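Chain identifiers are assigned alphabetically (A, B, ...) following the order of the sequence lines, protein sequences preceding nucleic acid strands; residue numbering begins at 1 within each chain. Just so it is clear, the structure is predicted and the values come from calculations on it, not from any experiment.
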2 protein chains.
Amino acid sequence: MPARRSDAAANRDRIVEAARAELDTSDDLKLHAVAKAAGVGQGTLYRHFPTREHLLAEVYRHEMTQLVDAVAPLLAEHPPLRALTGWLERLLGYARVKRGVMAAIEASAWQDLYTDQHHRLDEALGMLLERGKAAGEVREEVDAADVILLLGALSRVPEAEWDARAHRIVAVIVDGLRPR
Amino acid sequence: MPARRSDAAANRDRIVEAARAELDTSDDLKLHAVAKAAGVGQGTLYRHFPTREHLLAEVYRHEMTQLVDAVAPLLAEHPPLRALTGWLERLLGYARVKRGVMAAIEASAWQDLYTDQHHRLDEALGMLLERGKAAGEVREEVDAADVILLLGALSRVPEAEWDARAHRIVAVIVDGLRPR
DNA sequence: ACCTGAACACCGTTCAAGT
DNA sequence: ACCTGAACACCGTTCAAGT
């Protein structure tokens, strides 16, 4: 609503872009470096992103949104557990290219503050699980947080082993979700 | 085996003791604080423990050893998957009191350098899995590293939810290890 | 309103000087 | 041989001063 916010918005974008570029190469974000790369003062970074997680959430919002939006179509076309598998395969695909996506998902698990991102992820996974329960394919007790915590294992899979180990881990999780 | 090492050994013990005390209350170790609490200079800490992981490994060696040593008796008395479950229950018991035990296990997963600790944990878990495979109770592809990575989920379970969620997560892992 | 960047705090790590 | 602790480096965070 106010007039002079275009410069602020531009700064914000440049910060996110710088952070994205940084994460493509170095795994962990140094805030000083991001500010410098974005050509802004550190205070500006803090003004836009009070915590590192806020920044990470913004960087991966796009990927997250795509993941969340992929749920409904999958559920429409497949039985629940198959939909879950398909969704996780998509997650693995993203994560193979951008390991940071897993970091973002892990951040969801820590956060007390339910960011929009986390909330939507939690809801999307929750929906998959609910449908699975209704179909008798998923055990009653589990919730989305359980799955998110288990998926955290993926963020510690060494790059070199990714393809084999990540799929194996997902297979164990999915089969473990089944009722006994 | 030279003469003057009793003071060094005493220092080492005091460092470990101070670290243990610190971990009982504060989750993350500040090396400066540990050195101060132990009454030694920072250099002394580094002399004895070149990395933080070396220190953690020493702090939890006792618990780790007990865990590892518990495997053989369990395997003698139970079918493999039941032995694995029993072993994990024991792990949950330790971890409930000392959350840091999980951190130590997680450290195993990162480390490239195979410490004794890690090696023994890996072997113990590997043995449980091998027996399980031989009995047809565990799927062939999984290895100890998979399980260690999955167990890492436990170190991110909030204290308040521990009892319910930790057991649920372990149940999912164990069932997921079964062949389909 | 928004920005800058010096400054502070914190903490891991090193190393010259001591015994 | 072993120890001390000042000093350095690094990085997250704040804030007085600017526009």
Side-chain angles (χ1 to χ4, degrees), chain A residues 1-60 100 103-104 106-107 110-113 115, chain B residues 1-60 100 103-104 106-107 110-113 115:
Chain A
M1 312 61 172
R4 261 222 118 242
R5 250 189 50 188
S6 62
D7 56 336
N11 276 337
R12 197 188 138 96
D13 289 347
R14 288 224 307 287
I15 290 167
V16 173
E17 221 32 67
R20 198 189 305 278
E22 197 72 17
L23 282 169
D24 275 349
T25 58
S26 87
D27 265 44
D28 73 329
L29 269 208
K30 295 173 211 178
L31 267 17
H32 269 266
V34 171
K36 188 171 186 183
V40 302
Q42 303 99 288
T44 303
L45 193 158
Y46 276 84
R47 159 175 286 264
H48 288 292
F49 303 101
T51 75
R52 150 186 255 100
E53 272 72 27
H54 284 256
L55 178 53
L56 280 177
E58 185 58 35
V59 170
Y60 292 114
E106 274 219 276
W110 314 325
Q111 277 327 57
D112 271 336
L113 60 117
T115 63
Chain B
M1 310 69 184
R4 258 210 129 251
R5 247 188 52 191
S6 62
D7 56 335
N11 276 336
R12 197 189 139 97
D13 290 347
R14 288 225 306 287
I15 289 167
V16 174
E17 220 34 65
R20 197 190 305 276
E22 197 71 16
L23 282 170
D24 275 350
T25 58
S26 87
D27 264 45
D28 72 330
L29 268 207
K30 296 174 210 175
L31 267 17
H32 269 266
V34 171
K36 188 169 185 183
V40 302
Q42 302 99 289
T44 303
L45 194 157
Y46 277 83
R47 162 175 283 263
H48 289 292
F49 303 101
T51 75
R52 152 186 255 96
E53 272 72 29
H54 284 256
L55 178 53
L56 280 177
E58 185 59 34
V59 169
Y60 291 113
E106 274 220 274
W110 314 326
Q111 275 329 56
D112 271 336
L113 59 117
T115 63

*asked:* What's the closest nucleotide to the side chain of B:K30 if the choices are C:dC11, C:dC2, D:dC2?
replied: C:dC11
_Nearest-neighbour nucleotide for the B:Y46 side chain, D:dT13, D:dC3, C:dG12 considered_ = C:dG12
*Does D:dA1 pair with anything, Watson-Crick or G-U wobble, both distances under 3.5 Å, and if so, with which nucleotide?*
C:dT19
*Using whole Å, report how far CG of A:L45 lies from P of D:dC15.*
17 Å
*Report the distance from atom CZ of B:R14 to atom NE2 of B:H48, rounding to the nearest 0.5 Å.*
10.0 Å
*In whole angstroms, how far is the P atom of C:dG12 from the CZ atom of B:R47?*
20 Å
_N/O (side chain, B:N11) to phosphate O (OP1/OP2, D:dC2) under 4.0 Å_ = no
*List the atom of A:V34, the atom of A:I15, and the distance in Å for their closest heavy-atom pair.*
CG1-O, 3.8 Å
_Comparing B:Q42 and A:Q42 on DNA chain D - which has the more 5′ nearest nucleotide_ = B:Q42
_Tell me the interatomic distance from A:R14, atom CZ, to C:dT4, atom C1', rounded to whole angstroms._
13 Å
*A:H48 side chain N/O closer than 4.0 Å to the phosphate oxygens (OP1, OP2) of C:dC3?*
yes
*For A:R52, which contact category applies under a 4.0 Å heavy-atom criterion: base, sugar-phosphate, or nothing?*
sugar-phosphate
*In the structure shown, which nucleotide is the Watson-Crick or G-U wobble counterpart of C:dG12, with both distances under 3.5 Å?*
D:dC8
*Applying salt bridge (charged side-chain N to carboxylate O under 4.0 Å, His left out), run through B:E17 and B:R20 and close with a yes or a no.*
CA-CA 5 Å; B:E17 220 34 65; B:R20 197 190 305 276; 3.5 Å; yes
